[in-house]
Protein chains: 2
Amino acid sequence: MTVTRNSRADVVRAAGRLFAARGYHGTSMRDLGRELGLQGSSLYSHITSKEDLLVEVVEAGAELFERSATRALEETEEPIERLRLLVGGHVGVVLDHLDEARTFLNEAQALERDHRAVVIKARDRYESVFRSVIRQGIESGELRPDLDVRMTAIYLLSVLNAIDRWYRPEGELDRDALVDSIMEFVVRGANRVR
Amino acid sequence: MTVTRNSRADVVRAAGRLFAARGYHGTSMRDLGRELGLQGSSLYSHITSKEDLLVEVVEAGAELFERSATRALEETEEPIERLRLLVGGHVGVVLDHLDEARTFLNEAQALERDHRAVVIKARDRYESVFRSVIRQGIESGELRPDLDVRMTAIYLLSVLNAIDRWYRPEGELDRDALVDSIMEFVVRGANRVR
DNA sequence: CCTACCGATCGGTAGG
DNA sequence: CCTACCGATCGGTAGG
């Protein structure tokens with residue numbers, strides 16, 4: 001049995017776990033120390049403040065979502081394919097990086113002003129990728145022309161951001177079926193082909 | 001200028017305001033006292049614990065949603081009309097009772113086990129109303145028969161529960177237009193009429 | 001990474 | 001509803 005010291009990355013990951021489960025204000029540095037098998041005060045050899053930890057976890061979440069969007073755009077130019085990749089990528093981030101995703105989505109309000117502003121900008125950029133892909137789908141004739149682009153993006157993201165609230169990987173619905181289900185829900189309502 | 005004493009209801013309402021804005025763990029009893037212009041310790045002449053306050057706010061939220069669902073069912077028997085009333089009622093609760101709605105939706109995790117279980121049951125009952133109305137829409141032939149009832153209810157509620165994250169009453173979209181927009185998004189995708 | 005602390009703040013009580 | 005507290009816990013530092 002090897003007892004290794006914790007790395008800074010271990011600390012950030014554990015913080016994500018607790019922030020996602022109990023919230024930032026619901027997590028004390030002593031809770032976090034316990035999670036890692038050390039004293040709360042020992043955490044300060046890795047970080048300089050509790051807020052720092054939140055910033056790192058939230059930024060990790062933001063990066064995961066942004067990278068997913070970039071990949072979707074690089075993979076193909078076909079709008080509906082892009083939309084499916086955006087949905088699949090988002091589902092992947094939520095399911096594979098639940099803690100970072102949840103903290104990014106729910107705990108950004110606990111950040112102080114400047115850092116919160118950065119997060120809001122990252123969210124806007126991410127949402128704008130959805131908007132532009134929806135717009136491309138309209139231009140290509142695959143989505144109906146009277147669609148409200150902004151609203152559609154908001155509704156789709158509402159569905160995606162709520163997944164962690166109900167989805168259980170042990171359930172009957174696997175990841176691909178989930179993506180199909182969401183795509184059907186969204187695109188059937190926006191599809192021109194009748 | 002009349003300086004009146006605060007009632008218990010005032011305390012609960014103010015608690016809802018702060019819990020919704022900063023979260024339960026992000027709100028101290030002294031914060032709440034300041035909000036009402038009195039000492040933190042004075043709150044204990046109205047209530048017996050901080051957790052009590054959370055229970056009351058969350059239950060107020062639960063009741064508002066349940067009453068909205070009951071009203072929708074009583075108003076009409078036509079499935080699509082019922083669905084519209086459910087959506088309109090939900091939008092009304094979120095916009096007119098934002099603090100209770102937010103606390104109900106986001107802060108129930110801070111409740112201790114027993115009370116949290118009550119909330120989860122209330123949510124299930126509410127969701128089951130959505131499911132049964134969707135089922136009625138399928139039976140009446142207005143919604144397509146291959147629709148996944150559970151998933152459709154979850155997606156619709158995901159859209160509804162995210163409204164407080166982006167909707168601004170000062171914006172161009174008024175309440176009725178919001179309801180129309182959501183109904184179009186959901187029903188067009190589920191509508192049999194082509 | 002630990003021990004030993006720090007001042008500040010927490011939820012809550014006693015007694016008016 | 002206030003004053004005056006209580007013990008516990010908070011984020012964080014010093015010094016090893």
Side-chain angles (χ1 to χ4, degrees), chain A residues 1-59 103 107-116, chain B residues 1-59 103 107-116:
Chain A
M1 244 184 70
T2 337
V3 176
T4 323
R5 285 184 147 221
N6 290 293
S7 69
R8 187 191 157 88
D10 293 331
V11 175
V12 176
R13 258 196 306 275
R17 231 176 296 146
L18 297 191
F19 293 165
R22 318 177 196 172
Y24 178 72
H25 292 301
T27 303
S28 76
M29 294 305 279
R30 283 160 181 86
D31 289 339
L32 182 52
R34 208 174 301 120
E35 179 82 5
L36 290 160
L38 44 79
Q39 302 299 314
S41 59
S42 303
L43 296 163
Y44 290 89
S45 56
H46 294 291
I47 52 140
T48 61
S49 75
K50 189 188 175 190
E51 164 112 16
D52 260 24
L53 274 176
L54 180 58
V55 170
E56 281 208 44
V57 175
V58 166
E59 274 176 4
T103 305
E107 296 301 317
Q109 47 125 26
L111 288 168
E112 42 102 351
R113 267 179 83 281
D114 290 7
H115 281 116
R116 202 171 52 234
Chain B
M1 245 183 70
T2 338
V3 174
T4 323
R5 286 183 145 221
N6 289 293
S7 69
R8 188 190 157 87
D10 292 332
V11 175
V12 175
R13 259 197 305 275
R17 231 176 297 146
L18 297 192
F19 293 165
R22 317 176 196 172
Y24 177 72
H25 291 301
T27 303
S28 75
M29 294 304 279
R30 283 161 180 86
D31 289 338
L32 182 53
R34 207 174 302 119
E35 179 83 4
L36 291 160
L38 44 80
Q39 301 299 314
S41 59
S42 303
L43 295 164
Y44 289 90
S45 56
H46 294 291
I47 53 140
T48 60
S49 75
K50 189 188 174 190
E51 164 112 15
D52 260 24
L53 274 177
L54 181 57
V55 170
E56 281 207 46
V57 175
V58 166
E59 276 176 2
T103 305
E107 296 301 316
Q109 47 126 30
L111 288 168
E112 42 100 352
R113 267 179 82 283
D114 291 6
H115 281 115
R116 201 171 52 234

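A, B, ... follow the sequence lines: proteins, then strands. Residue 1 opens every chain.
Atom CZ of residue A:Phe19 and atom CG of residue A:Leu32 lie 6.5 Å apart, to the nearest 0.5 angstrom.
Minimum interatomic distance between B:Ser49 and B:Ile47 (heavy atoms only, all atoms of both residues): O-CD1, 3.3 Å. Heavy atoms only, all atoms of each residue included: B:Asp31 and B:Gly26 are closest at OD2-O, 3.8 Å. For the pair B:His46 and B:Asn6, the tightest heavy-atom approach, listed with the atom from each and the gap, is CE1-O, 3.0 Å. Heavy atoms only, all atoms of each residue included: A:Leu43 and A:Val11 are closest at CD2-CG1, 4.0 Å. In terms of heavy atoms, A:His25 sits closest to A:Ala110 at NE2-CB, 4.0 Å.
Nearest to the side-chain atoms of B:Ser42 among the listed nucleotides D:dC10, C:dC2, D:dC1 stands D:dC1. In the set C:dG12, D:dT13, D:dC10, D:dT13 carries the atom at the smallest distance from any side-chain atom of A:Tyr44. Taking every side-chain heavy atom of A:Arg5 into account, C:dC1 is the closest of D:dG12, D:dC5, C:dC1. Here D:dC1 is the nucleotide among D:dC1, C:dC1, D:dG12 with the atom lying nearest to any side-chain atom of B:Asn6.
The nearest whole Å value for the distance from the CG atom in B:Leu43 to the C1' atom in D:dT3 is 15 Å. In this entry the distance linking CD1 of A:Ile47 with C1' of C:dC1 reads 14 Å, nearest Å. Counting to the nearest Å, the C1' atom of C:dA8 and the CE atom of A:Met29 are 17 Å from each other. Nucleotide D:dG12 holds its P atom 14 Å from the CG atom of A:Asp31, rounded to whole Å. Look at CZ on A:Arg30: it is 13 Å from C1' on C:dC10, rounded to the nearest Å. One can place NZ of B:Lys50 at 15 Å from P of D:dT9, the figure rounded to the nearest angstrom. In this structure, CG of A:Asp52 is placed 11 Å from P of D:dT13, rounded to the nearest angstrom. The CG-P distance, from A:Leu54 to D:dG12, rounds to 12 Å in whole Å.
Although no hydrogens or angles enter the test, the distance criterion places a donor-acceptor pair under 3.5 Å between the side chain of A:Tyr24 and the main chain of A:Glu51. For the pair A:Glu35 (side chain) and A:Leu18 (backbone), a donor-acceptor distance under 3.5 Å is absent. The closest donor-acceptor contact from the side chain of B:Arg116 to the backbone of B:Leu111 lies under 3.5 Å.
Annotation: proximity of residues 33-41 of chain A to DNA chain C (heavy atom, distance under 4.0 Å) is found for A:Leu38, A:Gln39, A:Ser41, numbered in ascending order.
Within the 4.0 angstrom heavy-atom criterion, only backbone atoms of the sugar-phosphate kind lie near A:Ser28; the bases stay farther away. Counting non-hydrogen atoms under 4.0 angstrom, A:His46 reaches the backbone sugars and phosphates but no base.
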query: Dot-bracket for DNA chain C, 5' to 3', with Watson-Crick and G-U pairs under 3.5 Å, [ ] for crossing pairs and | for other-strand pairs: what is it?
result: ||||||||||||||||
